[in-house]
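The structure under discussion appears below in the form of structure tokens.
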Amino acid sequence: MTKRLSVVIPTYNRRPVLERTLPALSAQDLPPEEYEVIVVVDGSTDGSVELLRDWKPKCAFRVLQAEHRGPSAARNAGIRAAEGDLVLLLDDDHIAVPELFRQHCESHSGSEISLVHGPVYVAADSSQTMFRYISETCYEDFYHCLNPEIGLRYPNQGVSFIAVLAALGNSSISRHVLLRSGAFDEEIWAAEDLELGVRLWKMGVTFRYQPAAIVYEYYVKSSGNYLQKQAPALGAGDLIAGRKHPEYRPHSRLGGFAETSLPKKWLRSALMRLPISPVPLLALPLHLEKWFYRFSPMRRLGGHLLRSAETVARLRSALNVAGSWTALRSEFDRKLPGLLYHHVGPLRSSGPQAISISPERFERQMRWLARRGYTGIRASDWLRWLREGTGLPEKPVIITFDDAYADIAEYALPILRRYGFGAVVYVVTGQLGGSNHWDEARGCDTLRLMTGEQIKYWAGQGIEFGAHTRTHPDLTQLSASDVSEEVIGSKNDLSTLLGAPVVSFAYPYGAYNEGVRELVQREFDLAFGVEEGMNYLRGDPHLLRRIHIGPTDSFLEFALCVRRGKIMKLRALRNKFAVRTHLRRALSHFTGRLSHQE
Ligand SMILES: [Zn+2]
């Protein structure tokens, strides 16, 4: 008779841990004839095999011995030998609650192909280490985010990734599906569960969280040991997983390192370049970790220290695998400044927010970019990097033009072509060859818009076109059906005109609400708002940032936009001074007149 469940556990040189965790495996409320336990001994030399041979549980139990080839190979050997319909993957330091196996079995229902995962908490009798402390704090946060009522499936990006990251280590899945996925990648020695999780998720497996399927992790490892062995393995595993699945990169620990402050970046880059690892030095104070653990402020300090040291250990190891700092940064650490222009041409536009830039000023700005090594890219270039991790120039910048004024075809696009820059123009598709009549109410002059012919010509010259609705309304003021008409309509108009798919969208006036954003996310790969800031690997692809380049911006301001993605504070300051100057002039004029009258 085939068993319902096979429990597969790899172990390497941890006899005392097994002594603590084995008894719970046979004290289950699932009848012993319904499950088997397979422990794969990954080349241990500490007497684990003898301990396991003497263990006589009520359930079927097998010990597999293998050469030391890492946890992935050991788990795979166990999965291949398993006879159950379901495989439950546990670690050798997991203490199972009595209902664990039954909870896993009962949570697989119907024809749904699911991966069921339960929480891993820290066992109360674990050693008092900093490693334990940071695990305690981060596990709780993880499980709070998960909703047991909802099964998560690809490509529900945001939450699903949290589930995928939290999922493995105490999870069960059909053995058949596991074998079909190719099981664990044996090249990866840590974070192997994570890579498999992403793979299963992309295969369409539904992830289900079962909060009652609890295990307690029995920590014995010192933080120093963690820093020297496991953290580097995790860094390398993260890099390999990111290469196999580029969409995993924003969620990996390496994905956030572009967004730190400048001093931190310098420090990190210096630590990366040291010929010998500084990690043992950082680990030194952690020898006092039992003492750290006892007092709350010291515990926080120790936790902080361990996290910093861990980041360095992971990064240095990822750096080793990547080959060079430049290679590592090209995959994870890219920033993209976004510039927003409207009209470039003779200054005819007036009104509350002047939207024109003179061709001379625009040319000077492009020359400045080119001289400093920047390359103008298209939205599709950024998308390719987000999806595949390749193909981005060393210093990218995205130059965007909203509304598609006819004058840009005459004054701006030829300048871009001269510098070999790509750019994106956002088209109001119901107004081809018309004018920006929507600005009349705001007291602006109207200007001519590009024709379909002009758009087709420039699309052949390396300029990308995106959708900007059909009539340029404030989308937050429309009914849902009108929003669809504007958003989907403009996408269809443009793709028909160009005979190619449309990648990106720009919200008119930068205005959106939850409903608008959701529709845009369904229809487009990327979308631009008008909020300032830089774009990174981890940014929201449907709220990309860019800065409006104004007609009176100084060069310092332009440079700040490009380098830092921040300008609002400086502009506010300038306006304040400008107001003061005007006030002073007006006052002196007034007092002058008064004194004249006297
Ligand atoms: Zn617009």
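The structure displayed is predicted, hence computed values, not measured ones. In listed order, ligands and their atoms are each counted from 1.
Among protein atoms, those of element N, O or S found less than 2.8 Å away from the Zn ion (ligand 1) are D403 OD1, H468 NE2, H472 NE2.
Aromatic ring centres of F362 and Y411 lie farther apart than the 6.0 Å criterion allows. Ring centroid separation for the pair F207 and Y209 does not come in under the 6.0 Å cut-off.
Checked against side chain to side chain donor-acceptor pair (under 3.5 Å), T469 has no partners two or more places apart in sequence or in another chain.
No more than 12 heavy atoms of other residues, nucleotides or ligands sit less than 6.0 Å from atom OH of Y512.
Taking all atoms of both residues into account, the shortest heavy-atom contact from M272 to L319 is O-CD2, 3.7 Å.
Using the six-membered ring where Trp is involved, F421 and Y419 have ring planes that are tilted, between 30° and 60° apart.
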